[in-house]
Q: 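For reference, the structure I am asking about is given below.
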Amino acid sequence: LAQRLDNASQFDLRLDPPALGTVEGRLTLGDDGEARLALSFDNQSAFDLFRRDEASLRFALADAGFDLGGRNLQFSFREPPRENARGAAR
């Protein structure tokens with residue numbers, strides 16, 4: 001990524017570990033050298049875990065060469081789609 005993989009500046013990722021549910025992310029590398037990472041979770045426990053350990057994640061990313069700056073790490077929780085109530089009752 002340090003060489004921007006053919007000059008790309010945005011990378012989408014998706015993780016599906018059984019214990020964490022789906023984790024989707026977008027890493028954007030700015031021309032100024034700053035990185036921005038947005039992570040989205042469909043599992044409340046995973047969301048809480050990452051929020052609680054944000055400092056560790058920032059440190060690991062900085063150690064890997066990604067400068068996230070002050071507010072360039074975002075977490076969001078999205079509720080999984082609910083089944084149609086009518087379909088579930090059948």
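Remember, it's a predicted structure, so these values are computed and weren't measured experimentally.
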Q: I'd like to know if Arg14 pairs up with Asp16 as an ion pair, taking the criterion as any Lys NZ or Arg NE/NH1/NH2 lying under 4.0 Å from an Asp or Glu carboxylate oxygen.
A: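 Salt bridge present between Arg14 and Asp16.
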
Q: Which residue in the set Arg26, Glu24, Arg78 passes side chain to side chain donor-acceptor pair (under 3.5 Å) when paired with Ser40?
A: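 Single side chain to side chain donor-acceptor pair (under 3.5 Å) partner of Ser40 among Arg26, Glu24, Arg78: Arg78.
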
Q: Taking the side chain as every heavy atom from C-beta outward, state whether Phe47 and Leu39 have any pair of such atoms under 4.5 Å apart.
A: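 No. Closest side-chain heavy atoms not under 4.5 Å.
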
Q: Just grab all the salt bridge (Lys or Arg N to Asp or Glu O under 4.0 Å) pairs involving residues 44-57, residues at least two apart or on different chains.
A: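 Only Glu54-Arg58 qualify under salt bridge (Lys or Arg N to Asp or Glu O under 4.0 Å).
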
Q: Report the residues that fulfil side chain to side chain contact (heavy atoms under 4.5 Å, CB included) with Asp63, sequence neighbours left out, ordered by chain and then residue number.
A: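 Expected list: none.
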
Q: Can you name the side chain to side chain contact (heavy atoms under 4.5 Å, CB included) partners of Ser45, sequence neighbours left out?
A: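 Partners of Ser45 by the side chain to side chain contact (heavy atoms under 4.5 Å, CB included) criterion, ordered by chain and then number, come out as Asn43.
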
Q: Take Leu20 and Phe41 through the side-chain contact (heavy atoms from CB on, under 4.5 Å) test and state the conclusion after the steps.
A: CA-CA 8 Å; Leu20 297 179; Phe41 302 84; over 6 Å; no

Q: Return the minimal non-hydrogen interatomic distance between Leu27 and Phe66, and the atom names on each side.
A: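 Closest pair (atom of Leu27, atom of Phe66, distance): CD2-CE2, 3.9 Å.
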
Q: Side chain of Asp42, backbone of Thr22: donor and acceptor closer than 3.5 Å?
A: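 Yes, because the side chain of Asp42 sits within donor-acceptor range (under 3.5 Å) of the backbone of Thr22.
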
Q: Name all residues meeting the ring pair (Phe, Tyr, Trp, His ring centres under 6.0 Å) criterion together with Phe75; count only those two or more places apart in sequence or in a different chain, and write none if there are none.
A: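 Checked Phe75 against ring pair (Phe, Tyr, Trp, His ring centres under 6.0 Å); zero matches.
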
Q: Who are the side chain to side chain contact (heavy atoms under 4.5 Å, CB included) partners of Gln74, not counting sequence neighbours?
A: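 Partners of Gln74 by the side chain to side chain contact (heavy atoms under 4.5 Å, CB included) criterion, ordered by chain and then number, come out as Ala38.
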
Q: Show the numbers, then the answer: is there a side-chain contact (heavy atoms from CB on, under 4.5 Å) between Arg36 and Leu68?
A: CA-CA 6 Å; Arg36 286 172 284 292; Leu68 289 176; 5.8 Å; no

Q: Using side chain to side chain contact (heavy atoms under 4.5 Å, CB included) as the criterion, list what pairs up with Leu15, not counting sequence neighbours.
A: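 So Leu15 forms a side chain to side chain contact (heavy atoms under 4.5 Å, CB included) with Leu13, Pro17, Val23.
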
Q: By side-chain hydrogen bond (donor to acceptor under 3.5 Å, both in side chains), which residues pair with Arg71, not counting sequence neighbours?
A: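 With neighbours one apart ignored, the set is empty.
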
Q: What heavy-atom pair brings Ala35 and Leu29 nearest, and what distance separates the two atoms?
A: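 Distance-wise, the nearest heavy atoms are CB-CD2, 3.8 Å.
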
